[in-house]
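Given the structure is predicted, the values throughout are model-derived calculations rather than measurements. In this chain, residues are counted from 1 in sequence order.
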Amino acid sequence: MACSYLCPCSLLICSLLAFLVSGSQIQKTLLPVISFDEGYTQLFGDDNLAIHRDGKTVHLSLDERTGSGFVSQDLYLHGYFSASIKLPADYTAGVVVAFYMSNGDIFEKNHDEIDFEFLGNIRGKDWRIQTNIYGNGSTSVGREERYSLWFDPSDDFHQYSILWTDSQITFYVDNVPIREFKRTESMGGDFPSKPMSLYATIWDGSGWATNGGKYRVNYKYAPYVTEFSDLVLHGCAVDPIEQFPKCDNSESSEVIPTGVTTVQRIKMESFRAKFMTYSYCYDRVRYKVPPSECVFNPKEADRLKSFDPVTFGGGRRHHGKRHHRSRASHVEAISI
């Protein structure tokens, strides 16, 4: 093979990726928004997938018959991938909306994955957002983080984005970085490193999505409809057979982003301090020794321990004291 998976992407792509990490707010006009037919194809769901607004908005629905989803026409090695998403309203327990990258259809036993998952809830409770990363089939080592949000994601569209390079993965909500995942030597193949497709789906996750399966999808509220717009596929496409990058290669990788800026880090830390509710790095029930890439943050540890002393502190659960936060206080708190 003339070029490995880790070939640098084109100078144009890398330059724009560097801009995204530069601390400036992402401007949609600088990133090409494509129509559905330009970049995607239906994955499943028959007429539960509907295209609207000149082909640039997609409705996915879940009913008793089926969920639905779409997938990118190309595989990509690194890039910036984004969509504005509006989630279903009202009673959504058991409903899962996913916006993610995967190559599980090609690498069945050693697949990679980068996930945004949106977990529905019972009436009066907020949607939760979950990020996860798998590399080289490492499904036994879940790298989940879970968060609440400072807005109702069913009220309007909000932008959710993934930046993936050969050294890091960054998740964004409305241009605010919420998680930075850096590749380390000790991780070995656990960092996603093979070309992936981009997926969007809605499906029935009754068995686990809401309180471990306690609350299931109630189809009297169906159809559950989620909307996707502002679709961005901005990366290095890879030939699915030869697995060569289709973009021009650059001799220099200096413009490839290496981390978030100081301003972005302040915003990210503010978000995590206020809205993160779970991190695998502090889960002492699941991992007696945290995975090697975890960096201990005492403030995060103390906050999560007070939120759930059994999972994050190894102690007994104390009933009667729970920390609830209304959306009004979310709005006040999110000065990021």
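- For Phe116 and Phe171, the distance between ring centers is under 6.0 angstrom.
- Judged purely by distance below 3.5 Å, without hydrogens or angles, the side chains of Thr57 and Ser229 never pair a donor atom with an acceptor atom.
- Chaining together hydrophobic side chains whose heavy atoms lie under 4.5 Å apart leaves Val225 on its own.
- Put simply, the side chain of Asp112 gets close to the backbone of Lys194: a donor and an acceptor are under 3.5 Å apart.
- For the side-chain hydrogen bond (donor to acceptor under 3.5 Å, both in side chains) test, residues two or more places apart in sequence or in another chain that qualify with Gln130 are Glu117, Arg146.
- Residues Arg183 and Ser167 bring no donor and acceptor atom of their side chains to less than 3.5 Å of each other.
- Ring centers of Phe36 and Phe70: under 6.0 Å apart, within the cut-off.
- Arg143 has its side chain out of reach of Thr131: every pair of non-hydrogen atoms, C-beta onward, lies at least 4.5 Å apart.
- Residues Phe157 and Phe228 form no side-chain contact, since every pair of their non-hydrogen atoms from C-beta on lies 4.5 Å or further apart.
- Aromatic ring centres of His234 and Phe81 lie farther apart than the 6.0 Å criterion allows.
- Between Glu180 and Val260, the shortest heavy-atom distance links the atoms OE2-N, 3.5 Å.
- A donor-acceptor pair under 3.5 Å links the side-chain atoms of Ser306 to the main chain of Arg303, judged by distance alone.
- Between the side chain of Asn121 and the main chain of Ala93, no donor-acceptor pair closer than 3.5 Å is present.
- For Tyr80 and Trp164, the ring centers sit 6.0 Å or farther from each other.
- The main-chain N or O of Leu163 is never found under 3.5 Å from a side-chain atom of Thr170 such that the two would form a donor-acceptor pair.
- Note: Phe118 and Tyr160 meet the aromatic proximity criterion, with ring centroids under 6.0 Å apart.
- For the pair Lys305 and Tyr282, the cation-pi test (distance below 6.0 Å, angle within 45°) is failed.
- Ser154 and Asp152 are linked by a side-chain donor-acceptor pair at a separation below 3.5 angstrom, with hydrogens and angles left out of the test.
- The only option from Tyr40, Tyr100, Phe44 that meets the ring-ring contact (aromatic ring centres under 6.0 Å, His included) definition with Tyr199 turns out to be Tyr100.
- With hydrogens and angles ignored, the 3.5 Å screen pairs a side-chain donor or acceptor of Asn103 with a backbone N or O of Pro195.
- Looking only at atom types and distance, the side chain of Arg65 has a donor-acceptor partner in the side chain of Asn48 under 3.5 Å away.
- The six-membered or imidazole ring of Tyr147 lies away from that of Tyr278, with a centre-to-centre distance of 6.0 Å or more.
- Taking 4.5 Å as the limit, every side-chain heavy atom of Ser197 sits out of range of all side-chain heavy atoms of Met101.
- Arg123 and Tyr221 share a side-chain donor-acceptor pair at under 3.5 Å.
- Side-chain contact between Val95 and Trp127: present, with at least one pair of heavy atoms (C-beta onward) separated by less than 4.5 Å.
- Using a 3.5 Å distance cut-off with no hydrogens or angles, the side chains of Asp174 and Tyr172 do not pair a donor with an acceptor.
- The disulfide bond (SG atoms under 2.5 Å apart) analysis of residues 271-308, with sequence neighbours excluded, yields the pairs Cys281-Cys294.
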Item checked: Residues Thr210, Lys214; criterion side-chain hydrogen bond (donor to acceptor under 3.5 Å, both in side chains); working and verdict -> CA-CA 6 Å; Thr210 308; Lys214 180 179 179 180; over 6 Å; no
Checklist line | Evaluation steps, side-chain hydrogen bond (donor to acceptor under 3.5 Å, both in side chains), between Ser35 and Glu38 | finding: CA-CA 5 Å; Ser35 68; Glu38 285 180 291; 3.2 Å; yes
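- Under the 3.5 Å distance criterion, with hydrogens and angles disregarded, a donor-acceptor pair is assigned to the side chains of Ser82 and Gln159.
- Within 6.0 Å of CG on Asp54 lie no more than 12 heavy atoms contributed by other residues, nucleotides or ligands.
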